[in-house]
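Both ligands and their constituent atoms are indexed starting at 1 by order of listing.
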Amino acid sequence: MSDILNHTEDGVTTLTINRPDKKNSFTAAMYATLADALAAAADDDAVRVVVIQGHETIFSAGNDIGDFLHAPPATPDAPVFRFLHGISGFPKPVVAAVCGPAVGIGTTLLFHCDLVYAGDNAAFSMPFVNLGLCPEAGSSLLVPRMMGYHRAAEALLLGDPFMAEAALEVGLVNRVVPPQEAGNLAQAQARKLAAKPLSALIETKRLMKQGQAAEVRQQMADEATSFGRMLREPAAREAFTAFMERRKPDFSKV
Ligand code: COA
């Protein structure tokens, strides 16, 4: 079965991250599938809303660490960057249902969604520093802006996880429900949106986003340059190797 399920019904395209044996971590192929699905959904008049979801126990463990080690994204048109541009510039509403861990890009992609519904087991984390990396997806701009600088520093410098209730408090999440209800709630909200005039949805989203769209693009470009370089540096190589070898990383020499 595919690692990304794509189903369209009643004007709603639902993209399900479906790689449970690897905790829904994203491979380059999965980013490519998502990027293509978003591009198709943007162009298809029959699609009014996109829902992104994982499973009741795991949203995503972030980027596949083996991919980071052996096939890091090398160019600005790498699948991960195509996906990030696709979601950050997606013209129609995007609704997310998040349960369980949402690590790295599993959290940062949510800053580009319009509505986020979380299971009460959701745990958000952006442990880029712990991996010898820097933030991506515009999160170095959007996290401090949404959460305030000091909470952002806990999340991005310390890499501390935060739970669904904290995400609700800072405004990253719209509502917290039992995990088995998050998917249905996201679908119900998506269907409400799909019944509204699409042109008004698109125009309203564009107007809400346009104030910071150029800034977000610039930040994502800066982050991508740093991220691409840091992926190949000793701190990240040690972090990835340690994860694969199931040991604690040793950063004493980096
Ligand atoms: N990349 C590749 N494989 C991953 C992965 C990732 N990001 N996250 C988990 N996996 C794999 C594990 O290697 C393991 O594979 P195996 O069964 O072949 O040994 C399997 O998924 C189960 O993972 P495990 O760590 O045993 O599950 P858990 O329930 O104890 O913990 C997480 C779940 C998400 C908390 C934990 O897997 C984790 O922290 N993953 C890494 C997250 C991360 O740093 N991502 C990068 C962000 S930039």
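The existence of a salt bridge linking Asp114 and Lys92 is excluded, since no basic side-chain nitrogen approaches an acidic carboxylate oxygen closer than 4.0 Å.
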Pairwise, report which nitrogen or oxygen atoms of ligand 1 are under 3.5 angstrom from protein nitrogen or oxygen atoms, and how far apart they are.
| residue | atom | partner | partner atom | Å |
| --- | --- | --- | --- | --- |
| ligand 1 | 1 (N) | Ile65 | N | 2.8 |
| ligand 1 | 7 (N) | Ala61 | O | 3.2 |
| ligand 1 | 7 (N) | Asn63 | O | 3.0 |
| ligand 1 | 15 (O) | Lys22 | NZ | 3.3 |
| ligand 1 | 18 (O) | Lys22 | NZ | 2.5 |
| ligand 1 | 19 (O) | Arg246 | NH2 | 3.1 |
| ligand 1 | 29 (O) | Lys23 | NZ | 3.3 |
| ligand 1 | 45 (N) | Ala61 | O | 2.8 |

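Hydrophobic clustering, defined by side-chain heavy atoms of Ile, Leu, Val, Met, Phe, Trp and Tyr closer than 4.5 Å, groups Met1 together with Leu5.
Listed by first then second residue, pairs satisfying side chain to side chain donor-acceptor pair (under 3.5 Å) with a partner in residues 60-74 read Arg19-Asp64, Tyr31-Asn63, not counting sequence neighbours. Pairs engaging residues 198-254 under the ring pair (Phe, Tyr, Trp, His ring centres under 6.0 Å) rule: Phe68-Phe227, Phe68-Phe240 [sequence neighbours left out].
A donor-acceptor contact under 3.5 angstrom links the side chains of Asp77 and Thr75, judged on distance only.
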Show your reasoning for whether salt bridge (Lys or Arg N to Asp or Glu O under 4.0 Å) applies to Glu154 and Arg151.
-> CA-CA 5 Å; Glu154 278 188 335; Arg151 279 193 286 213; over 6 Å; no
